[in-house]
Structures are given as C-alpha cells and as structure tokens.
Number of protein chains: 2
Amino acid sequence: MNKKLNLKQVSQQLGVSTATVSNAFNRPDQLSAKLRERILRESAELGYHGPNFAARSLRKGASDVVAVVLADSISYSLSDPVASQFLQGVAEVLGENKKQLLLLSSASDELEQSSAESLPDGFIFYGAPSGNIFERVSRTGKPIIAVDFETHDIESVNINNEEGAFSVANHALANKPKHAAVLGLRLVDSQRICRLTAQDMSVESKEISRSRLKGYLRAFEEQQLAISPSHVWHIPLNTPEMAEIAAKEALTLNPLPEVILCMSDVIALSVLRVANKLNIAIPQQVKVTGFDDIPEAQRSSPGLTTVCQQSPEKGRVATRLLLKNESKDSVILDTRLVIRASCG
Amino acid sequence: MNKKLNLKQVSQQLGVSTATVSNAFNRPDQLSAKLRERILRESAELGYHGPNFAARSLRKGASDVVAVVLADSISYSLSDPVASQFLQGVAEVLGENKKQLLLLSSASDELEQSSAESLPDGFIFYGAPSGNIFERVSRTGKPIIAVDFETHDIESVNINNEEGAFSVANHALANKPKHAAVLGLRLVDSQRICRLTAQDMSVESKEISRSRLKGYLRAFEEQQLAISPSHVWHIPLNTPEMAEIAAKEALTLNPLPEVILCMSDVIALSVLRVANKLNIAIPQQVKVTGFDDIPEAQRSSPGLTTVCQQSPEKGRVATRLLLKNESKDSVILDTRLVIRASCG
DNA sequence: TTGAAAGCGCTACCAT
DNA sequence: ATGGTAGCGCTTTCAA
C-alpha cells in the first residue's frame, strides 16, 4: 500500500505538472475535460483522493467547514428535540452547499478548543454562548450568525418568544381558570427544580425563557387573572426526567390547576404522561400547552396545543444567511399557535 | 481591530521567540509556569487565541478531529433516535478527550467531501457506508472503527441482532398466536412500503435487518408457528410517517394479528398510536414489540416491550476503541430483553 | 498547458 | 529557555 502520496508525487507519476493536477481538482475550466478525466481517474488508482485538507486550507485561508456552536454540551444538544431539529435544518443546507459541519460547544474547554476555532469559515451560534468563544470568534472577522439571541451588529435569527407565549397563554386562559400553573425552563440560576419567589418574577432579561414568561404574564393581565410565583416552576434542563418531577408537583396541587402552561413541548408531554398516570383527564380537568412544536407533540395523545417555532426552518434560514453573505438583515421567524386536543 | 495575527508576530510583540510561544500553547513543561501564564494572557490581549488550525494540522500531520461517517444523510441521522443516541455517546467521549467532532455522510457528494476526508485523525463508520469512502479512508491507514457492520480486519462494535430479535420474538410468540405480523425495516431494495414475497424471505445477508428477521423466523420455528411473507412488511426508512402507513395496513388485517413484531421502536410506537386511533387494545388484542429501546419507548403508554441495544454506550465504546489504540478486539455489546406492557 | 517558486503558519529540531 | 530554521502539501502567479 502506497502510504502518503502527495500532489507533487502524483503529478510526476502522471507526467504532468503540479499545477495541472491541482487544477484538475479545483478548477475544471483550466484544462481539457479529457485530461481532467484522466488525472482524476489515474490519481484515484494511485490512491490519491484529493488535496490534503490542512495544506489546502492553509494555503487558501478557507476550509469549507462551518461550525455550529452549541450553548450546551454537544451530547445534551443532540438529545434535545429542538436543538436536534435545528441541526437537521443546518445540515440540510450545508449539504446542498458542499460545506462540512463541525459541532462545537461553548460549554467545553476553552484552551483546547480555541485552536479548532480557527478552522471554520463561518459560525452559527445556537443560543447565547457561555465563556468567551463568541468574543474570540468575533474578532476574527469571519461571518457569524446568532440564533436565539441577539448581539450588537451581528445578524441573527430569532422568533418572537413573547408573542408566541402570549398567544398560546391567551388561548389557554380564555375561559378564566381559577388556578393556573407555569412550568418554566431556566428561569433562575439553579440546577434544581424549584418554584419562583416574588422577586424572581420581575427579572428583566432578553433570554428566551424570560420573554416567554413575559408573554404568559401579559396574557394573565389581558384576562384579568393573577398567577402566584409559587405556581411558577423553574426547571433547569429540558429533559423528560426533570420535567416529570415538576409535573408531578403541579398535578398534585390542591386545588388542581385548570391550566398548565409549559415553556417547552418536552415539559408539556411530561405533564401529559404524569396526568395519565394520575388519572387526570386532559383537557377536561387540566388544559396543557407547550412550546416548540416538536414532532412528538403532534403524535401524542391527546395532541399537544403548542407554539410552532419551525426549528428546522430556523436552521435552514440561519445557514443560508451565513453562506450567502448578501442580506445584512436579521430575521424574525413567525411563530404559529397550533391548537390540538390538550387545550382545544 | 488587528486582523490576522500569527505566532511569529505575537512572539515579536511579546519579545520572546516563536518556539517559546509555540511551547506555551503546546508544551507547558518546556517553560516556566510564570512565563507561560504571561504569554497566554498577553497574546489573548493582542487577539491571538492559539495556533492556526490548518497550519498546525499540516505541520503535525494530525488534527484532533474525529469523523463519524453516517450511512444515511446527516439530516436524516439526526432525526433518527437511534443514530442520535449513538452520536450522544460519541460526543461524550470525544469531549472528555478534547477531540472535535466532524459529521460526514457516505451518502453525500464524493468529490467534494474527499478532501475533507483527509482532515480527521480517525473515523467511526456508523452503518455500512455507500459509495467508496470506506475504501478511500482505509487506504490512508488511519484508525477506523466499524459500527453495526463488519469488515475484514477492521475493529468493529456490534450487537447480536439475531439473538436480540429471537429473544423478543420468542417472548411475544410464547402463547402461540394464530396470526402474527412483522414490520421490518429495509428488508428489500425499494423506496416503497410493501410486503415480502416468498423469495424475499430467504435472502442471506449480514445486514442488521436480515439478522433480525432471521431471529424472528427462528422464534417462529421454535414455537412451531408459521409466518407468511405477506405478513412481513418492508419499510424503507425509520420514520413515524412511513411506519404509520404500514401499521395501518397491519392493524386492519382480517383476522387481526395477535402479535406484531417491529424491527425498531419508532415503528412499534407508530403501531401503538395507530392501534389507539383504531380502538384496538394493546396488549389485549394485539401484542407489540419493538427493537432499540429508545427513550420514548419507556415513556409510551403502554410501555414498549423491546430489545435494549444501548445506543449511547455503543457510541462510547466505539469512540474509546478508536482513541485508545490498545485493544485490537472487536466488541459485541449485550442486548437485553425489556418487557413492558405492550407485550407483557 | 507547463515548470518553477513563493509562502500560507506552524512545530520540532538543533545549537546555544 | 531561546533563536534560527526546515519543511509539512498545497495553490497561485508568472513567464514560457
């Protein structure tokens, strides 16, 4: 087996110049189709399958690699249906444009990753990053798209979380329930499931969860209803395990809330399951709403009333925005209230 | 903003040699902790965040990048719970070892991707790849792990599909149902949902699906039961949409099968949903089994009887095998029959 | 179409 | 602990 063949050696073997071999791989218009054909075929036979990636990138100053920088760990993000759908959209468009996908996480080791950060030609930040990877990357001047957060001067793709939350809450609260509960995601800085306090309620922030809470609260006002902080849960991670614990707490309240507003579908689906176990009828006894419209939400029984935030489309839009450097405008994707049986 | 700073310029600015700066980033033991500290801090202030990736990789002949080569498109794989869980396991171990994750697909453009193939230090092939990326990569002599398939001389991680399928089928068939159906995945080469013919049944192959079918058939024999090819479905993709169509066909058979063996949990969960819609009681009227034990399988109602194949662990094991080049042995992971209410 | 050559930024070696 | 430097493999320019 010929171990390491390089372009130069191949060109010698084939009796052509290095420039010609390079052109065969990179610029088909610089040589006759026939010669290109021959070079491609014969070099493959020799075991040369194209220019060395590192050398090419070094020389060209570009790599055709795009990084998605996840706010959470890669592993967790892959387990989250929302992030996962977003990545599907990204992968789709990258594939069409022959770009490679590198997954990074702002939650991982700074020093080790910072060298890898010089590889990609562009970055999609999914969720507000921790650490200072964002600053490092910004300084390189490479194109960046911010998704689900905003930063000065950077193009972003977002949804209107407050409006979405308002619309679903307003729908759910329309017939004036006496008691309601909110199962919130990442509302305060704690790894534990807990309920909010009065001062927790009024924190001002542009975080996703805070915007959603704001939308909910506006709906309560609109309907002239009140919600006590003790009926607002904080769940630190969007996992069924965590959500079920909070769901159990909410569904064993006395009196039982007639409406439970959940900040994600994963949470809402957990409520549905726990309710089922406790023989609580949905929506007759408790109406449940989610947020996201993940695939599972339309398949559940009863179907989940939720806010569709088009995660795959978000991924596609963000990626197109990154690749075609034309439009300098940020995008707000529409959300849509999806009414299903869990809150008819 | 200082645009492009390189190591040489940084070393001049800091008044030290290039070797020292390089050592500061790469070999902490080659200089005093104090000096290293200073260099790291001051170069960060200058806007230099570590060696250029392409140059470093070119020079070192290694990149700290590991590629997972997916048999299907990246986008589809991300939507598949089994592949997704596998990737979670991979990402976990890569993170611990400070390796970066590059997602490739053997289903994508050969020419464009083949240059990127020279980047990773190692490859995990998830599922038997199409095209000849496997041959190309093999020739480089870089470490490769094959997952869910086997090839001469390559370390692999597999499960015993036949045994797993046998155990679940044998359990399901124990009280001699008069009619049974099999909802199979990728049994023949067709993009359409269809049922098998007599000659389809006897194809010999080491593919996952074929092994599972073999296990099922062995269980039928063991129980002295027969299954007609017309009661064996082929489903081309592991998606709920496809599965529901086949499920509907199987659940509207007359007479109704008392047992439906499904080659994946996604399929089995679809059967559960369709049965629910058709008011068919599970497991009273129809017993349903799956394969994989995806997270959704334990949360469904009724819970799904299935074969646990430890997808995340598979990812971890494959990645460890790749990184520690010690053990030259392939691995067969245990499968475990998980009995839940859908087939008690 | 070709040959020659510069140089992308870095690491590792050697000598000091 | 440092300075100097070869060379990793490639693309691109230039002149022929």
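Residue numbering restarts at 1 for every chain, and letters A, B, ... go by the order of the sequence lines. Small disclaimer: the values here were computed from a predicted structure and weren't measured.
- Atom CD of A:Q12 and atom C1' of C:dA4 are 13 Å apart (whole Å).
- The residue among A:A54 and B:N23 whose nearest nucleotide of DNA chain D lies closer to the 5′ end is B:N23.
- Of the candidates C:dC10, D:dT2, C:dT2, the closest approach to any side-chain atom of B:L35 belongs to D:dT2.
- Considering only side-chain atoms of A:A55, the nucleotide from D:dT12, C:dG9, D:dG9 that sits closest is D:dG9.
- Minimum atom distance to the side chain of A:A19 is reached by C:dA4, of the listed D:dG4, C:dG9, C:dA4.
- Within the 4.5 Å cutoff, the side chain of A:L87 has heavy atoms near those of the A:L78 side chain.
- In this structure, A:F53 reaches neither bases nor backbone, as no heavy-atom distance under 4.0 Å exists between it and the strands shown.
- Between B:F134 and B:V69, the closest side-chain pair of non-hydrogen atoms is not below 4.5 Å.
- Listed nucleotides: C:dG9, D:dG9, C:dT2. Nearest to the side chain of A:N6: D:dG9.
- Screening A:L70, A:I133, A:N132 for a side chain to side chain contact (heavy atoms under 4.5 Å, CB included) involving A:S106 leaves a single residue, A:I133.
- Rounded to a whole Å, the NZ atom of B:K60 is 18 Å from the C1' atom of D:dG9.
- Among the heavy atoms of the strands lying under 4.0 Å from A:L58 is at least one base atom, whether or not backbone atoms are also near.
- Listed by first and then second residue, the side chain to side chain donor-acceptor pair (under 3.5 Å) pairs that reach into residues 82-94 of chain A are A:E92-A:R316, sequence neighbours excluded.
- Atom CZ in B:R56 sits about 18 Å away from atom C1' in D:dG7, given to the nearest Å.
- Taking only side-chain nitrogens and oxygens, A:N52 never comes nearer than 4.0 Å to OP1 or OP2 of D:dG9.
- Rounded to an integer number of Å, the gap from CD of B:Q9 to C1' of C:dC8 is 12 Å.
- Counting non-hydrogen atoms under 4.0 angstrom, A:S32 reaches the backbone sugars and phosphates but no base.
- Atom NZ of B:K8 and atom P of D:dA6 are 12 Å apart (whole Å).
- Phosphate proximity of C:dT1 to A:T20: absent, as no side-chain N or O sits under 4.0 Å from OP1 or OP2.
- Rounded to whole Å, atom P of C:dC10 lies 16 Å from atom CZ of B:R27.
- Phosphate proximity of C:dG9 to B:Y48: absent, as no side-chain N or O sits under 4.0 Å from OP1 or OP2.
- Atom CZ in B:R36 sits roughly 14 Å away from atom P in D:dT2 (whole-Å rounding).
- Annotation: side chain of A:Y126 is not in contact with side chain of A:S77 (no heavy-atom distance under 4.5 Å).
- Residue B:S17 is in base contact, counting any heavy-atom pair closer than 4.0 Å across all strands shown.
- Look at NE2 on B:H49: it is 13 Å from P on C:dC10, rounded to the nearest Å.
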